[in-house]
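Order of the sequence lines fixes the chain letters, A, B, ..., with proteins taken first and strands second; residue numbering starts at 1 for each chain.
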Amino acid sequence: MSDLFDTFLDWSYIAEVFPDLLRTGLWNTLTLACSSALLGTVLGLGLALMGLSRHRWLRWPARVYTDVFRGLPAIVTILLVGQGLTVVARPVVGTNPYPLGILALSLIAAAYVGEIFRAGIQSVDRGQSEAARALGMTHTATMTRVLIPQGVRRVLPALVNQFIALVKDSSLVYFLGLLTSQRDLFRIGQDAAANSGNLSPLVAAGLVYLAITVPLTHVVNHIDRRLREGRPVRGGDTLAEFEPARG
Amino acid sequence: MPSSSLRVADLHLSFGDLEVLRGVDLVVPRGSTTCVIGPSGSGKSTLLRAINQLERPSRGDVLLDGLSVIGTDPDLLRRRVGMVFQQFNLFPHRTVLDNLVLPLRSVLRLSKSAAHERALRYLTDVGVADKAPYRPTALSGGQRQRVAIARALAMEPDLMLFDEATSALDPELVKGVLGLMTGLSESGMTMVVVTHEMGFARSVADQVAFMDQGQVVEAGPPSSVFGAPESSRLRRFLDQVL
């Protein structure tokens, strides 16, 4: 039993690796996750709009893209993009694996985010677009001023979930080869574990991941509850109207 | 108040195999109010939606001031035609004021101050100016429908379409909204009102059109439609609702 304890929770190893995890790993992991989230959200919104288009030649590519990038294991995409595109990327970004790693993570995230946005926008009551069109608003104005603002609010919980997935998947850029200063949480924990022959540093890395992801899941629950139960804003105003229309 | 005459000629419309409109003819003179009555599924709402091109007719024509609206830019047409829905369809993510300001800015390209000024004026007209800063969910059904009417009127349309505007309201709120519509009718707005409120049709309409199975079966002044119905279908319908 104490052997098991020593393997996973040896305090000296954990204390040794923690400064590195916080100083280097946390920053790098968050850089990867946040950059990919940003780019993935922009691409995803584009994909959603293509998917909702009246034109088949816009819907089709979006459909194929989504199928491909949702269907591939993340590691396959990361290796194909991160290694395969180096020829093109090297003159621009040098040997830094981050830009291509972020691109790969964004491409994957976009496929999921696109589907989330599409579902959110489609779930807005038909009466909303009819009212906007009946007032003479163009298709574009109806989309940007009426449907997207409502659709996006509804899918906030799903988007946060997607961000959690990105935090975890960012560890896969490890396969692209990282310099000491480029190491993310996982890689730092993994290196220390390999050097010491003890898994405690990896446990420490895991704890930092949890410190990011667990609060986020509570954020999701909080938003979810607010959307469901309504939230007093001004004059008893609630967000309950973002539930599907009744009757 | 500027207003248009409306003519619907031999209008056909199908959803797949289902023929919803089967040759509708209707003339609504400038400044008059026509109430469309009939059993559910008779095509009343579809007729309204075809007039402002929310649905595309398969045959026939809709003429506004003698000009066909088929083939004209639907966005331009809809600036001239206001529509009020049974479910209000206010924008829940915007305040009451912004519900009016949004189309004024986006469609009519009014300046911010002009849009605010006009929005408040119309909210005042329908009696809900004090609700301007609130979200629609904070309002009663009657207040919401007043806002929806103000939103349509603020665009200063030539023709107003009402699609069962009071059907979703609690009984005690119906009267106020009907009163508002009566005032609008008396002010000379051209109106087509799909309604189940026979009292309103009888007292306010210049013309009542009875629709059944995708056609206008009988149309005329309320006195003759309610007083001396010619077709057996209309008689049967009136027996059921009156």
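The number of heavy-atom neighbours closer than 6.0 Å to CZ of R145(A), taken from other residues, nucleotides and ligands shown, is 12 or below. Within 6.0 Å of atom CZ in R7(B), 12 or fewer heavy atoms from other residues, nucleotides or ligands are found, so the atom counts as exposed in its surroundings. Around atom CZ of R59(A), more than 12 heavy atoms belonging to other residues, nucleotides or ligands sit under 6.0 Å away.
Residue V81(B) touches chain A through its backbone alone, counting heavy-atom pairs closer than 4.5 Å. With a threshold of 4.5 angstrom between heavy atoms, L90(B) approaches chain A through N, CA, C or O but not through any side-chain atom. For R80(B), no part lies near chain A; criterion is any non-hydrogen pair under 4.5 Å.
Contacts of H218(A) classified as ring-ring contact (aromatic ring centres under 6.0 Å, His included), with partners at least two apart in sequence or in another chain: none.
Closest non-hydrogen pair, H93(B) versus V146(A), comes out as CE1-O, 3.8 Å. In this structure, F91(B) and Q128(A) approach most closely via the heavy-atom pair CD2-OE1, 3.2 Å. For the residue pair N52(B) and A134(A), the shortest heavy atom distance occurs at ND2-CB, 3.8 Å.
Near-neighbour residues of residues 71-78 of chain B relative to chain A, defined by a heavy atom under 4.5 Å from a heavy atom of that chain, comprise D75(B), R78(B).
The backbone N or O of G127(A) lies less than 3.5 Å from a partner atom in the side chain of N89(B), making a donor-acceptor pair.
Atoms CE and CE, on M155(B) and M137(A) in that order, are 9.0 Å from each other to the nearest 0.5 Å.
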